[in-house]
Amino acid sequence: MNLYVEVHDLIAASLRRIAASGRLPKNLDFGRFVVEPPRDPAHGDLATNAAMVYAKAARPFFSSPRDLAAEIVSTLANAPTIAGAEAAGPGFINLRLRPAAFHRLLRAALEQGPDFGRPSPARTAQMKINVEYVSANPTGPMHVGHGRGAVFGDALANLLEFAGHRVTREYYINDAGAQVDVLARSAYLRYKEALGEGTGEIPEGLYPGVYLKRVGQKLAAEFGREFLGRPEAEWLEEVRAAAIVAMMEMIRADLSALNIEHEIFFSERSLTCGKEGDLVAKAIAELRSRGLVYEGRLPRPKGQLMEDWEDREQTLFRSTAFGDDSDRPLMKSDGSYTYFASDIAYHKAKIDRGYLLLIDVWGADHGGYVKRMQAAVEALSEGRTTLDVKLCQLVQLLRCGEPLKMSKRAGDFITLRDVIDEVGVDAVRFMMLFRKNDAPLEFDLGRVIEQSKDNPVFYVQYAHARARSVLRRAREVLPEVDLSPPFLMEADLNLLQDQGETALMKLIAQYPRVVEQAAQYDEPHRIAFYLHDLASSLHAHQTRGKERPQLRFLNEERRDLTIARLALVAAVAAVLASGLGILGVSAPEEMR
RNA sequence: GCGCCCGUAGCUCAGCCGGAUAGAGCACUAGACUUCGAAUCUAGGGGCCGGGAGUUCGAAUCUCUCCGGGCGCGCCA
């Protein structure tokens with residue numbers, strides 16, 4: 001149920017009638033005009049730009065956008081939801097809706113609760129979507145930047161699911177390549193340490209993190225002194241495997257602390273060591289069979305120092321055929337695959353599982369990698385599957401306005417887990433989402449635990465708690481009245497006449513539109529900002545009741561009015577809870 | 001040098017598939033609690049939307065260009 005969609009349909013029908021009379025071309029693209037809340041409330045409840053959009057096409061039957069607007073207005077007179085319509089400004093049509101329209105939405109919020117705002121199946125072209133997010137290397141604890149991608153990806157997955165798509169949440173484990181060998185060597189040092197062997201300084205290039213001590217102890221417990229003094233080739237594989245398992249356990253525990261659960265953990269190593277043979281080789285062969293892989297030389301990048309540049313022939317993927325700036329190597333000089341080659345095979349695996357849309361959530365430092373990956377997906381799927389990459393910008397950690405120094409030394413590294421433990425999962429999630437994903441984010445550890453309006457997490461949760469508090473109080477004041485949603489739906493909502501009340505009703509009616517647009521543009525932050533608006537409206541109205549007691553929700557002398565107001569409060573609470581739910585943030589009953 | 005992202009109030013940021021007088025929070029100033037949670041609210045000042053050009057009836061929004069910042073640029077992931 002979405003008022004904006006209903007009115008859009010009404011206007012479209014009106015345009016169709018005008019077209020039927022020959023004064024507009026047939027087959028107008030109705031996606032071109034919008035129905036939206038006007039910026040200025042004096043312009044009514046809803047506004048549309050339809051007359052301006054089609055003014056050119058309407059000539060010579062209508063000389064101006066205003067003329068066409070007037071015609072559309074005249075055809076809307078009988079529409080049941082519309083109380084008034086007028087042409088305004090350069091050709092806008094301002095619409096006022098009958099209160100019943102907003103009442104209908106309010107009742108829907110009560111009736112549907114957490115499902116309110118879900119787009120109707122007819123509106124959503126349901127898709128099988130894969131969202132790959134986090135995918136942090138299993139070489140250490142996650143940092144705050146990973147956390148942002150994790151929360152964004154998770155909320156996006158929630159949002160797309162809410163919008164009716166079939167979503168798979170996936171994590172790609174980079175458990176192949178040089179980095180996990182470094183991990184293994186670092187863990188081996190801790191293994192020696194656990195057996196009482198002095199390790200001295202951790203050599204440059206190995207991971208110094210103390211979190212590896214536990215891995216070393218585990219290895220010592222499992223293998224005893226078996227690997228001591230042995231050459232690397234004899235222990236590397238087992239140490240590496242054990243270290244990766246330990247790191248993934250740690251990462252999964254951190255994700256769990258963020259209420260994030262992936263359905264699929266896909267191992268990079270399994271691409272070459274799995275049952276199905278070397279999938280990377282197969283993917284490359286497939287591309288080669290299409291003439292997209294060749295042996296050649298790349299030009300040396302300009303304007304950059306490359307002291308160890310060696311001009312040599314290599315195996316290249318012709319990504320320039322799909323808009324990339326350069327063709328990209330698939331093999332390293334030692335004969336192993338590049339990361340890109342593995343990633344091609346991985347994305348092929350996802351394509352083969354039947355997704356039409358792949359969404360990858362990456363850190364901004366991988367921005368240069370987007371085009372080549374899209375090229376690969378386009379090539380492998382023959383254009384059937386789209387790869388959408390969402391880049392998350394950096395997170396700047398602050399404490400009460402002061403930047404926190406993020407030293408490379410392991411000792412004073414602030415992990416994601418540290419932040420969750422300090423400020424709580426709700427604050428982390430909400431703050432990460434209270435910003436566009438491609439804008440840098442300042443995260444102030446001091447501010448997000450403040451219980452004040454400075455802190456948007458608190459502000460929104462508090463609004464929900466306050467609304468629920470009113471309902472609890474109502475049960476004391478009106479113990480004999482049934483305050484369940486089915487009963488509240490019967491309330492006489494015409495009694496809600498105050499501007500604070502109507503403002504809240506209009507915001508409730510906006511929620512389905514916000515959800516739909518957030519899903520359409522992959523922007524969960526729109527939900528967060530909407531919730532902040534809704535919370536603000538509720539706080540404002542509730543405070544008005546301090547000065548004007550007749551506006552309070554609970555009025556013992558006017559039971560019918562009180563029940564109507566409780567219906568409103570319950571609906572606001574339901575919408576707040578629904579939106580917070582999509583963001584993965586809790587909606588507390590009280591804030592104590 | 002090339003590619004991508006960003007530049008909006010003192011600060012942090014919304015708004016951007018063109019639309020009416022550019023918004024919010026913080027900070028600042030002045031106010032509002034005997035009763036539903038003042039953990040809140042109300043009001044005020046504060047802006048060449050980085051500069052310039054173009055497209056358009058109309059540009060913060062689209063295009064080009066310049067300036068400023070971030071990220072990336074073969075065999076790291």
Side-chain angles (χ1 to χ4, degrees), chain A residues 31-32 34 36 38-40 43 47 49 52-53 55-56 64-65 88-92 94 135 137 139 174 176-180 268 297-304 306 308-312 314 316 324-340 342-343 363-371 391 393-394 401 434-436 438-442 444 447 450-456 458-459 462-463 465-467 469-474 476-477 520-521 525-526 529 532-533 536 539-547 549 552-555 562 565 569 590-592:
Chain A
R32 285 177 59 213
V34 295
E36 55 191 0
R39 199 162 50 216
D40 186 343
H43 293 148
N49 62 353
M52 291 182 287
V53 168
K56 268 188 187 154
S64 70
F92 286 99
N94 292 332
S135 299
N137 293 339
T139 54
N174 301 133
Q179 292 196 5
V180 284
E268 178 183 359
R297 291 168 194 275
L298 285 178
R300 180 189 187 120
K302 286 174 184 164
Q304 206 195 343
M306 300 218 106
D308 56 350
W309 175 265
E310 174 197 350
D311 188 30
R312 66 175 189 86
Q314 49 191 341
L316 298 167
D324 198 3
D325 315 304
S326 166
D327 291 337
R328 305 294 177 178
L330 298 171
M331 311 291 286
K332 301 180 196 172
S333 56
D334 67 0
S336 62
Y337 299 122
T338 59
Y339 179 79
F340 179 50
S342 299
D343 221 359
D365 54 344
H366 290 62
Y369 196 76
V370 174
K371 279 186 188 170
L391 299 176
Q393 276 292 340
L394 303 178
F434 201 57
R435 187 70 73 239
K436 266 189 316 201
D438 56 0
L441 170 69
E442 286 196 355
D444 194 313
R447 200 148 291 162
E450 267 179 44
Q451 300 211 334
S452 77
K453 61 182 298 186
D454 295 21
N455 174 3
F458 173 79
Y459 187 77
Y462 176 43
R466 241 182 151 182
S469 168
V470 170
L471 294 165
R472 279 196 299 277
R473 179 101 179 93
E476 294 169 21
V477 176
Q520 182 182 346
Y521 295 111
H525 77 272
R526 291 179 187 239
F529 279 91
H532 194 266
D533 275 355
S536 173
H539 285 313
H541 182 62
Q542 198 161 359
T543 304
R544 235 174 271 136
K546 293 283 176 194
E547 290 168 11
R552 289 182 190 170
F553 300 124
L554 303 177
N555 183 332
T562 297
R565 287 175 172 170
V569 172
E590 53 184 12
M591 300 301 288
R592 291 175 214 288

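In what follows, chains carry the letters A, B, and so on, assigned in the order in which the sequence lines appear, proteins first and then strands, with residues in each chain numbered from 1.
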Could you tell me whether A:Arg552 contacts a base, only the sugar-phosphate backbone, or nothing, with contacts defined as non-hydrogen atoms closer than 4.0 Å? base
What is the pairing partner of B:G37, taking Watson-Crick or G-U wobble pairs with both distances under 3.5 Å in any strand? none
Searching all strands shown, indicate the nucleotide that pairs with B:U55 (Watson-Crick or G-U wobble; both distances under 3.5 Å). none
If the C1' atom of B:C49 is compared with that of B:C57, how far apart are they to the nearest Å? 22 Å
Across the strands shown, which category fits A:Asp311 at heavy-atom distances under 4.0 angstrom: base, sugar-phosphate, nothing? nothing
What are the two closest non-hydrogen atoms of A:Val470 and A:Gln542, and how far apart are they? CG2-NE2, 3.5 Å
Rounded to whole angstrom, note down the P distance from B:G46 over to B:A32. 24 Å
Is A:Tyr459 touching bases, backbone alone, or none of the nucleic acid, heavy atoms closer than 4.0 Å? sugar-phosphate
Of all heavy-atom pairs linking A:Pro38 and A:His43, the shortest is CB-CB, 3.8 Å
Please enumerate all protein N or O atoms sitting under 3.5 Å from an N or O of nucleotides 30-32 of chain B, with distances to 0.1 Å.
| from | atom 1 | to | atom 2 | distance (Å) |
| --- | --- | --- | --- | --- |
| B:A32 | O2' | A:Glu547 | OE2 | 3.4 |

In whole angstroms, how far is the C1' atom of B:C71 from the CG atom of A:Asp438? 13 Å
Using the six-membered ring wherever Trp is involved, compare the ring planes of A:Phe529 and A:Phe434 and label them parallel, tilted or perpendicular (cut-offs 30° and 60°). parallel
What nucleotide, of B:C36, B:G19, B:A20, holds the atom closest to the side chain of A:Arg473? B:C36
Counting distance alone, no hydrogens or angles: does the base of B:A14 have a donor or acceptor under 3.5 Å from a partner atom on the side chain of A:Asp533? no
Go through B:G72, B:A77, B:C36 for me and flag the one nearest to the A:Asp365 side chain. B:G72
Regarding A:Arg435, tell me which of base, sugar-phosphate or nothing describes its non-hydrogen contacts under 4.0 Å with the strands shown. sugar-phosphate
Determine the contact category for A:Arg312: base if any of its heavy atoms lies under 4.0 Å from a base atom, sugar-phosphate if only primed atoms, P, OP1 or OP2 are that close, otherwise nothing. base
Give a yes/no verdict on base stacking between B:A20 and A:His43: centres under 5.5 Å, planes within less than 30° of parallel. yes
With rounding to whole Å, what would you report as the distance between B:C16 and B:G7 at their P atoms? 13 Å
For the C1' atoms, the ones on B:C41 and on B:C33, what distance do you get once it is rounded to whole angstrom? 10 Å
A:Val569 and A:Ala467: which non-hydrogen atoms are nearest, and at how many Å? CG1-O, 3.5 Å
Let's see if you can work this out: which of B:A14, B:A20, B:G74 has an atom nearest to the side-chain heavy atoms of A:His525? B:A14
Between B:G50 and B:U61, how far apart are the P atoms? Round to whole Å, please. 8 Å
For B:U21, the nucleotide meeting Watson-Crick or G-U wobble distances (both under 3.5 Å) is none
Should the ring pair A:Tyr369 and A:His366 be called parallel, tilted or perpendicular, given that the plane angle runs from 0 to 90° and is split at 30 and 60? perpendicular
Distance below 4.0 Å between A:Lys436 side-chain N/O and B:G15 OP1 or OP2: yes
Pick base, sugar-phosphate or nothing for A:Gly177, based on heavy-atom distances below 4.0 Å to the nucleic acid. sugar-phosphate
Base, sugar-phosphate alone, or nothing: which one does A:Lys371 contact when heavy atoms must sit under 4.0 Å apart? sugar-phosphate
May I ask which nucleotide in the shown strands pairs with B:C49, Watson-Crick or G-U wobble, both distances under 3.5 Å? none
Under 3.5 Å: donor-acceptor pair, side chain of A:Thr562, backbone of A:Asn555: yes
Closest to the A:Asn137 side chain, choosing from B:C71, B:A77, B:U40: B:A77
Complement of B:C76, any strand, by Watson-Crick or G-U distances under 3.5 angstrom: none
Considering only atom C1', compute the distance from B:C13 to B:G52 and round it to an integer number of Å. 26 Å
How would you label the contact of A:Gln542 with the nucleic acid (heavy atoms, under 4.0 Å): base, sugar-phosphate, or nothing? base
Ignoring hydrogens and angles, answer whether the base of B:A24 and the side-chain atoms of A:His532 contain a donor-acceptor pair closer than 3.5 Å. no
Ignoring hydrogens and angles, tell me if any N or O in the side chain of A:Thr543 forms a donor-acceptor pair with the backbone of A:His539 under 3.5 Å. yes
Within the structure, does a side-chain N or O atom of A:Ser469 lie under 4.0 Å from either OP1 or OP2 of B:G37? yes
Take atom C1' in B:C5 and the same atom in B:G31, then report the distance between them in whole Å. 44 Å
Nearest-Å distance once atom P is located in both B:C73 and B:A59: 40 Å
Across the strands shown, which category fits A:Tyr369 at heavy-atom distances under 4.0 angstrom: base, sugar-phosphate, nothing? base
Identify the nucleotide, in any strand shown, that forms a Watson-Crick or G-U wobble pair with B:G3, with both distances under 3.5 Å; if there is none, say none. B:C71
Per atom distances to the A:Trp309 side chain, the nearest of B:G74, B:G19, B:U40 is B:G74
Those residues at least two apart in sequence (or on a different chain) that pass side-chain hydrogen bond (donor to acceptor under 3.5 Å, both in side chains) with A:Asp365 are none
State the pairing partner of B:U29; accept Watson-Crick or G-U wobble contacts with both distances under 3.5 Å, and report none otherwise. B:A43
Have a look at A:Asp40 and say if it touches a base, only the backbone sugar-phosphate, or nothing, with a 4.0 Å heavy-atom cut-off. base
Which part of the nucleic acid, if any, lies within reach of A:Pro549 when heavy atoms closer than 4.0 Å are counted: base, sugar-phosphate only, or nothing? base
If we require ring centres under 5.5 Å and near-parallel planes under 30°, does A:Phe92 stack on B:A20? yes
Under 4.0 Å, counting only non-hydrogen atoms across every strand here, what does A:Gln314 touch: a base, just sugar-phosphate, or nothing? base
Position toward the 5' end of RNA chain B (nearest nucleotide), A:Gln520 or A:Ala465: A:Gln520
Select base, sugar-phosphate, or nothing to describe what A:Ala55 touches, counting heavy atoms under 4.0 Å on all strands. nothing
Contacts of A:Pro90 meeting side chain to side chain contact (heavy atoms under 4.5 Å, CB included) (sequence neighbours excluded), chain-then-number -> A:Met52, A:Phe92
